[in-house]
Amino acid sequence: MEVPSASPVFTEESITLKVGYKSTNVKLKDILYIESMDNYVRIYLPERQCIMSQTSMKNIQELLPEGKFTRVHKSFLVPVHRIASHTSKEITLYGGIRIPIGRSYSKELKLILPEV
């Protein structure tokens with residue numbers, strides 16, 4: 001009998017996360033942004049849906065494709081294609097969601113979005 005893994009699993013188009021006692025498949029294209037809360041992450045999806053999983057932001061970040069998602073704050077990860085505009089202090093996602101840019105992440109963000 002195989003024991004299900006508590007760690008998220010990545011495929012090119014989705015990640016599988018442990019949500020409660022079930023495994024849930026999340027399509028990467030549906031992720032609006034990811035927020036860290038101690039040992040949990042909240043994944044925000046369209047139509048105000050939200051999934052909470054007991055894993056770390058570091059684990060999620062390692063699974064996501066490099067260059068398609070970027071860490072903009074110690075508590076936030078965003079898909080690059082969802083960034084509508086930005087200033088030196090925050091980014092605005094399509095749909096008007098504003099997310100702060102952490103000072104330690106601004107250098108990395110400048111490589112992706114040179115105008116920051």
Side-chain angles (χ1 to χ4, degrees):
M1 184 167 143
E2 189 175 308
V3 178
S5 171
S7 298
V9 177
F10 169 76
T11 68
E12 282 190 42
E13 297 164 3
S14 65
I15 54 175
T16 302
L17 299 167
K18 192 89 166 153
V19 179
Y21 295 103
K22 298 188 306 185
S23 290
T24 301
N25 205 19
V26 179
K27 292 181 181 174
L28 296 181
K29 67 179 183 142
D30 291 341
I31 297 174
L32 297 177
Y33 65 98
I34 301 170
E35 181 180 12
S36 171
M37 303 165 64
D38 292 323
N39 290 331
Y40 290 87
V41 293
R42 239 186 214 166
I43 299 176
Y44 292 87
L45 302 168
E47 299 178 20
R48 300 197 180 266
Q49 289 183 338
C50 181
I51 293 174
M52 195 172 210
S53 179
Q54 187 175 1
T55 189
S56 70
M57 184 69 97
K58 184 179 178 185
N59 286 345
I60 293 287
Q61 192 172 4
E62 288 172 358
L63 290 175
L64 295 170
E66 203 171 315
K68 295 193 186 258
F69 285 79
T70 187
R71 187 101 174 241
V72 296
H73 188 277
K74 80 175 188 180
S75 300
F76 292 98
L77 241 169
V78 298
V80 174
H81 72 276
R82 296 225 182 247
I83 299 173
S85 65
H86 54 83
T87 66
S88 60
K89 304 255 184 220
E90 71 180 14
I91 60 168
T92 303
L93 303 178
Y94 291 106
I97 300 165
R98 292 181 173 175
I99 295 178
I101 296 173
R103 281 182 280 157
S104 61
Y105 295 95
S106 64
K107 282 185 182 180
E108 183 182 328
L109 200 55
K110 282 181 184 181
L111 298 173
I112 297 166
L113 307 169
E115 313 86 57
V116 173

Checklist entry - Where do I101 and S106 land on the side-chain contact (heavy atoms from CB on, under 4.5 Å) test, with the steps shown first? => result CA-CA 7 Å; I101 296 173; S106 64; 4.2 Å; yes

Next on the checklist: Quick one, I51 with R42, criterion side-chain contact (heavy atoms from CB on, under 4.5 Å). Give me CA distance, side-chain angles, the key distance, then yes/no.
Outcome noted: CA-CA 6 Å; I51 293 174; R42 239 186 214 166; over 6 Å; no

Item to check | I60/L17 under side-chain contact (heavy atoms from CB on, under 4.5 Å): CA gap, chis, key distance, verdict | outcome: CA-CA 9 Å; I60 293 287; L17 299 167; 3.5 Å; yes

Item to check | Steps toward side-chain contact (heavy atoms from CB on, under 4.5 Å) verdict (E62, K58) | outcome: CA-CA 6 Å; E62 288 172 358; K58 184 179 178 185; 3.4 Å; yes

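At distances below 3.5 Å, at least one donor-acceptor pair connects side-chain atoms of R82 with backbone N or O atoms of K29.
Heavy-atom minimum distance, K18 versus S53: O-OG, 2.7 Å. Scanning both residues, R71 and Q61, for their nearest heavy atoms gives NH1-OE1, 2.9 Å. Of all heavy-atom pairs between S56 and V41, the closest is C-CG1, 3.9 Å. P79 and L32 make their closest contact through CD-O, 3.2 Å (heavy atoms, listed as atom of the first residue, atom of the second, distance). The minimum heavy-atom distance linking L77 with M57 is given by the pair CD1-SD, 3.5 Å. When every heavy atom of F69 is checked against every heavy atom of I31, the shortest pair comes out as CE2-CG2, 4.1 Å.
V78 and Y40 fall into different hydrophobic clusters, where Ile, Leu, Val, Met, Phe, Trp and Tyr residues are linked whenever their side-chain heavy atoms come under 4.5 Å apart, directly or through other members. The cluster map of Ile, Leu, Val, Met, Phe, Trp and Tyr, joined by side-chain heavy atoms under 4.5 Å apart, puts V72 and V80 in the same cluster. Note: the hydrophobic cluster containing M52 does not contain I15 (ILVMFWY, side chain heavy atoms under 4.5 Å, direct or indirect links). L28 and Y94 fall into different hydrophobic clusters, where Ile, Leu, Val, Met, Phe, Trp and Tyr side chains are chained together by heavy-atom contacts under 4.5 Å.
The only member of I34, T24, D30 that meets side-chain contact (heavy atoms from CB on, under 4.5 Å) when paired with I43 is I34.
Taking the six-membered ring for Trp and thresholds of 30 and 60 degrees, Y33 and Y44 have nearly parallel ring planes, at less than 30 degrees apart.
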